[in-house]
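What you are looking at is a predicted structure, and each value in this text was computed from that prediction instead of being measured.
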Amino acid sequence: WCSTTDNLLMENIRGNIMGKVDLTAVAQLPEFKERVRELALQYGFKLKEQPDGAVDLNPYVYEFAYALIYETVNNEPLDT
């Protein structure tokens, strides 16, 4: 896990101990997307051509990773 992502996540958690943790800033970091991509590929996810021509994971994979982390940290469902 990248140290920049760790630092932002921990700062956010420390600042929001009594409330929900907003992971939006972490999810926007290139390091977050890179790490999700690495793990997804290790577990059998496949890269697909995207509408813009880039070869990447489908956007819902990143959304899923964000939701999983959010719900785990906040112990409540993410409103979608």
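Partners of F45 by side chain to side chain contact (heavy atoms under 4.5 Å, CB included), not counting sequence neighbours, listed by chain and number: A40, L57, V61. Listed by chain and number, the residues in a side chain to side chain contact (heavy atoms under 4.5 Å, CB included) with P59 are Q50, E63 (sequence neighbours excluded).
Contact annotation: the side chain of Y62 approaches that of D56 to within less than 4.5 Å [non-hydrogen atoms, C-beta and beyond].
Here CD1 of I69 is found 4.5 Å from CZ of F32. Values are rounded to the nearest 0.5 Å. Note that CD of E31 and CD of E38 are 11.0 Å apart. Values are rounded to the nearest 0.5 Å.
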Full working for side-chain contact (heavy atoms from CB on, under 4.5 Å) between V36 and Y66: CA-CA 9 Å; V36 170; Y66 173 83; over 6 Å; no
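In this structure, E76 and E71 approach most closely via the heavy-atom pair O-CG, 3.2 Å. Nearest approach of Y70 to P77, heavy atoms of both residues: CE2-O, 4.0 Å.
Ion pairing between R37 and E34 fails under the 4.0 Å rule for side-chain N and carboxylate O.
With hydrogens and angles ignored, the 3.5 Å screen pairs no side-chain donor or acceptor of N58 with any backbone N or O of Y60.
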